[in-house]
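Here the structure is laid out as structure tokens; the discussion comes afterwards.
Owing to the predicted nature of the structure, the values given are computational and were not obtained by experimental measurement. First the proteins, then the strands, lettered A, B, ... as listed; each starts at 1.
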Amino acid sequence: MTAPTTYELSSLQALEAESIHIFREVAAEFERPVLLFSGGKDSVVMLHVARKAFWPAPIPFPVMHVDTGHNFPEVLAFRDSTVQEMGLRLVVASVEESIAKGRVRERPDGVRNPLQTVTLLDAIQQGQFDAVFGGARRDEEKARAKERVFSFRDEFGQWDPKAQRPELWSLYNGRHHKGEHIRIFPLSNWTELDIWSYLKQEDAPLPSIYFAHEREVFQRDGMWLPVSEFTSPKESEEVVTLTVRYRTVGDIPITGAVESSAASYDEIIAEVAATRVTERGATRADDRLSEAAMEDRKKEGYF
Amino acid sequence: MAELLRFATAGSVDDGKSTLIGRLLYDTKSIFEDQLEAVERTSRDRGDEHVNLALLTDGLRAEREQGITIDVAYRYFATPKRTFIIADTPGHIQYTRNMVTGASTASLALVLIDARNGIVEQSRRHAFITSLLRVPHLVVCVNKMDLVDYDEAVFNRIKDEFRNFATKLDIGDLSFIPISALKGDNVVHRSENMPWYDGTSLLHHLEDVHIASDRNLIDVRFPVQYVIRPQSTEHHDYRGYAGTVAGGVMKPGDEVLVLESGLTTTIESIDTADGPVEEAYSPMSVTVRLKDDIDISRGDMICRPQNRPQATQDVDAMVCWLTSDPLHVRGMYGLKHTTRNVRAQVKDIEYRIDVNSLHRDETAETLSLNEIGRIKLRTTKPLFVDEYRRNRTTGSFLLIDEATGATVGAGMIL
């Protein structure tokens, strides 16, 4: 803790306190919250803060993974060991099942990221969840910069950016009717650098793919894609072995690796502090679709 | 240890606010290449003459299509000394509610004045909202100094006029900085074009302004948010009251009084997941354990026997109205104050204030969207309140439409 005489908090302490406040507010006012946990760094931080908010009691809600079926095996293993260690209940919402049931159809390009919305909304409805924690941050993307911490969704899971509730002081309004729900973003005010600095401060474990490792990759649309079960090079695409790491973790076919030798938190923090491209710009093909790609997906009910 | 400073900016495109924010972000290396490229591409497509940095913050499709800012946008940047959260709000009168929203969490407000035009109606409105929301620090940036030949007399004239107006308001700390956002004068570095100015650059001011004493460290206020009872073998008898400190400094061994029961007891321990702490103060989120087993639940307030908030069902408040369906006398609303949810009826509208002239209209019978007025409320259960001027957390509340669940009013207790 800080020196007791100054009564000041560090920036990370202030952000953590705000997030803890949000978790407790939701646990007190909602009946069936659920936390979206992918094994990605933001959801790892979210879970870490949630644990602190309720300590020494266990986290009073389950976690949900929206599983595209295109997972990095390292991330899936991390998900399962975390859930086991923390004694959490895991709900898996499977995009593959949604396809099998005919709720959505596989896209010609095989990318399943946009299909997740239907799977997510079905799982929210089925579980009758009224509060859904997401790890989105406002610094990630400009549609997200305008989203509330408590973000109202109608009975179809839709977000209406023009009809958002004003959010003042630390007073959060979670009122909703049956069938509607609220998306909760406890990390709204954190930046990418805050996330890494916090992971280091807390010495929290992450999936190994966030750290530099050797991998067979090939270049497509300016991104390094891995040679994997789900992504294979075309004839014209040359396979090379590079030292890479991931800045974000998502559906394999649209998540690019970055060339990097950063193998520790300190090295990653130095790299993030010096980087000149946003994490989504560097590594996410789904956000390059159009100026308003994220806004359009969010309106339909995306994360 | 890097501290966090939240500040609000208000203004329209014309006074150079977006250029100023763009420069702060750019010069602190907080804009990324792909963001800048996207903005350059869109500016080009729209046929803009210059790269329009407003596009960095105007994130919604409707905003880009109409070329306006319709909502509060949050931006982030950091220097080695502090990290900053900017609540960037549009300045037009129809967006008063957005400026109120942005100012509610800000420690500092930044108001821009075009050196060529001097103080205009909008500047007065921004200063009034800053004082109404009790933002402790106000920085007036007199912008576009390059267009008035960096003339000291122009700056001094605006400064004097603003000070004169500000005496009618309650503004704690008022500073003036002559800048050119476009040319970069006095934004990040001291300008050589204005040797007559002996103050600091804007960024330097943001890094150095003393915010630690803005919080209330005198009146202990701890609204109970959530009761933690693990009921596990290991922590069988654990019973902790979780919440965020809203005022004062709490220590183990302190005698405390719990509202609404009025019972007194002693703080046994102040817990966090990282271990117990010796002191807790705003805005720490902690869990308090008490010596005696008394019935406490969410919505209760822990304070000191000799220093307690007022327990009342009659509330006098300034209210900013946030929705198109107007506030009426006799109207019934949901009310959220700290961790307490009650219902409230409007008993009287004392006056509506003109946010530009500060004129009070005592004949007003309604408050419409973006209007501000003084009202009297009667609540179904007591609230534990302080004056907003004394504590921004225990002095503020929301009014909620009970049918739609929408947030319709923002209240500050008098």
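Residues B/I413 and B/F397 meet the side-chain proximity criterion, which asks for heavy atoms closer than 4.5 Å. Taking 4.5 Å as the limit, some side-chain heavy atom of A/L35 sits within range of a side-chain heavy atom of A/L47. Contact annotation: the side chain of A/F129 never approaches that of A/H181 to less than 4.5 Å [non-hydrogen atoms, C-beta and beyond]. No side-chain heavy atom of A/V63 sits under 4.5 Å from any side-chain heavy atom of A/M46. The shortest distance between side-chain heavy atoms of B/S282 and A/Y7 does not fall below 4.5 Å.
Within 6.0 Å of CZ on A/R89 lie no more than 12 heavy atoms contributed by other residues, nucleotides or ligands.
B/Y74 touches chain A through backbone and side chain together, each having a heavy atom under 4.5 Å away. When heavy atoms are compared at a cutoff of 4.5 Å, B/S213 does not approach chain A at all. Contact annotation for A/R137: neither backbone nor side-chain heavy atoms come within less than 4.5 Å of a heavy atom of chain B. In this structure, no portion of B/A246 lies under 4.5 Å from any heavy atom of chain A. For B/L398, the parts lying under 4.5 angstrom from a heavy atom of chain A are both the backbone and the side chain. Interface remark: A/S188 contributes backbone atoms only to the contact with chain B (heavy atom separation under 4.5 Å).
Of the candidates A/E147, A/E180, A/E300, A/R153 forms a salt bridge (Lys or Arg N to Asp or Glu O under 4.0 Å) with just one, namely A/E147. The ring pair (Phe, Tyr, Trp, His ring centres under 6.0 Å) with A/F133 is formed by just one residue from the set A/F61, A/F185, A/F30; it is A/F61.
By number of non-hydrogen pairs under 4.5 angstrom with chain A, the leading residue of B/A273, B/A103, B/S104 is B/S104. Interface check for chain B: of the options A/H176, A/E16, A/H177, the most heavy-atom pairs under 4.5 Å are formed by A/H177.
Residues of residues 189-199 of chain A lying under 4.5 angstrom from chain B, judged on non-hydrogen atoms, are A/N189, A/T191 in numerical order.
A parallel orientation is assigned to the rings of A/Y172 and A/F150, their planes being inclined by less than 30° (bins at 30° and 60°).
Remark: A/R24 fails to qualify as a cation-pi partner of B/Y226 under the 6.0 Å distance and 45° angle criteria applied to the six-membered ring.
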